[in-house]
Amino acid sequence: MMKRRWPLAAALCLLGGAGSADTVAVDLELVIAVDVSYSMEMEELRVQRAGYVEAFRSLEVIKALRGGPRGRIAVTYVEWGGKAIQVVPWTLLHDAASAREFAETLQRQPLRRIAFTSISNTLAVGRTLFRASPFRTSRRVIDISGDGPNNAGAPAPLARNNTIAQGITIDGLPVMLRSAPDTASIADLDVYYRECVIGGPGSFLLKVKHIDEFAAAILAKLVIEISGLKVSRYGPDEPKPSPVQYGQPYNCFIGEELQERSIGR
């Protein structure tokens with residue numbers, strides 16, 4: 001965890017009347033969980049990181065965070081593979097300057113890669129981060145991106161159900177850049193995320209099928225999450241979010257099965 005805590009401490013002092021002595025009320029607590037597993041190419045990691053940096057500098061995100069009843073949100077940024085690492089600590093965003101500082105802090109962090117893909121562990125870390133958060137809200141969201149199914153730790157649906165049971169919504173950003181599936185990816189990753197990962201009130205997913213789509217998808221997703229817009233109200237000319245619609249039974253153990261086959265070779 002990062003040591004620079006003074007911006008958060010100052011914000012808590014300035015907004016002390018908004019909550020108790022230990023918490024500040026916000027419109028949203030958002031855990032951004034970004035896949036940095038070895039199946040992601042370095043260029044993809046750079047473009048993905050740049051997408052989040054630019055999104056938090058954008059007028060759209062600033063307008064969304066200022067548009068809530070309290071005009072402020074809390075955000076933390078996590079990178080994950082087989083384990084999850086908190087890269088930017090809980091940060092209070094309430095204006096353009098605080099959003100810009102969050103973006104600059106994120107931009108300064110070195111790119112990393114982490115072996116394996118544990119969606120379940122990442123959701124567990126997200127739950128822990130909410131419990132340790134110095135903020136309070138009725139709306140908590142984990143925004144998780146990934147380019148492959150769970151292949152380590154507990155099954156993804158178990159972690160999903162435990163997370164939803166705590167009143168946390170999970171939104172997904174499946175990254176589908178491969179022209180053909182390999183030993184760690186699947187062709188219908190968006191269906192996997194819909195059936196096995198995301199859930200909770202208002203949950204949705206946006207998929208990325210080309211590297212040039214990262215920035216637009218990240219921006220659209222953050223605006224929806226921060227503003228609390230219902231999926232059906234989103235603009236007709238923007239990337240189309242898909243609300244959760246559970247269909248036929250789906251094999252949510254496909255990632256573990258692929259990993260087992262790879263080990264057995």
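In what follows, residues are counted from 1 in the order of the sequence shown. As the structure is a prediction and not an experimental result, all values here were calculated from the model.
Contact check for Trp80 versus Phe116: no side-chain heavy atoms found under the 4.5 Å cut-off. For the pair Val87 and Arg112, the minimum side-chain heavy-atom distance is below 4.5 Å. Glu43 places a side-chain heavy atom less than 4.5 Å from the side chain of Ile211. You'll find the side chain of Ile142 stays beyond 4.5 Å of the side chain of Asp171, heavy atoms only. A 4.5 Å side-chain heavy-atom check between Leu222 and Leu30 finds at least one atom pair inside the cut-off. A 4.5 Å side-chain heavy-atom check between Pro174 and Leu205 finds at least one atom pair inside the cut-off. Looking at Leu28 and Val141, their side chains come closer than 4.5 Å, going by heavy atoms from C-beta outward. Considering only heavy atoms from C-beta on, Arg57 comes within 4.5 Å of Gln107 through its side chain.
Residues Glu29 and Thr137 have side chains that never bring a donor and an acceptor to within less than 3.5 angstrom of each other. Between the side chains of Thr163 and Arg160, not a single donor N or O lies within less than 3.5 Å of an accepting N or O. Side-chain contact annotation: Ser39 with Asp147, donor-acceptor N/O pair under 3.5 Å present. In the model, Tyr250 has a side-chain atom that pairs as donor or acceptor with a side-chain atom of Asp188 under 3.5 Å. A side-chain donor-acceptor contact under 3.5 Å links Asn251 and Glu257.
The pair Arg49-Glu44 does not meet the salt-bridge criterion, since no charged nitrogen lies less than 4.0 angstrom from a carboxylate oxygen. Using a 4.0 Å cut-off between a side-chain N of Lys or Arg and a carboxylate O of Asp or Glu, Lys221 and Glu225 qualify as a salt bridge.
A distance of 5.0 Å separates CD1 of Ile198 from OG of Ser203, quoted to the nearest 0.5 Å. Taking CG from Leu123 and CD1 from Ile119, the interatomic distance works out to 7.5 Å, rounded to the nearest 0.5 Å. Residue Ile226 holds its CD1 atom at 11.0 Å from CD of Glu60, rounded to the nearest 0.5 Å. With rounding to the nearest 0.5 Å, the separation of CD in Gln48 from CD1 in Ile218 is 6.0 Å. The structure places CG of Leu93 at 6.5 Å from OG1 of Thr91, a figure rounded to the nearest 0.5 Å. Between the CG atom of Asn151 and the CG atom of Leu258 there is a distance of 8.5 Å, given to the nearest 0.5 Å.
Screening residues 56-79 for ring-ring contact (aromatic ring centres under 6.0 Å, His included) gives Tyr52-Tyr77, Phe56-Phe102 as the qualifying pairs, with residues at least two apart or on separate chains.
Residues forming a side-chain hydrogen bond (donor to acceptor under 3.5 Å, both in side chains) with Asp95 (at least two apart in sequence, or on another chain): Ser98. Checked against side chain to side chain contact (heavy atoms under 4.5 Å, CB included), Ala132 has no partners two or more places apart in sequence or in another chain.
Here the rule is side-chain contact (heavy atoms from CB on, under 4.5 Å) with Glu213, and of Val47, Val175, Leu206, Val208 only Val208 fits it.
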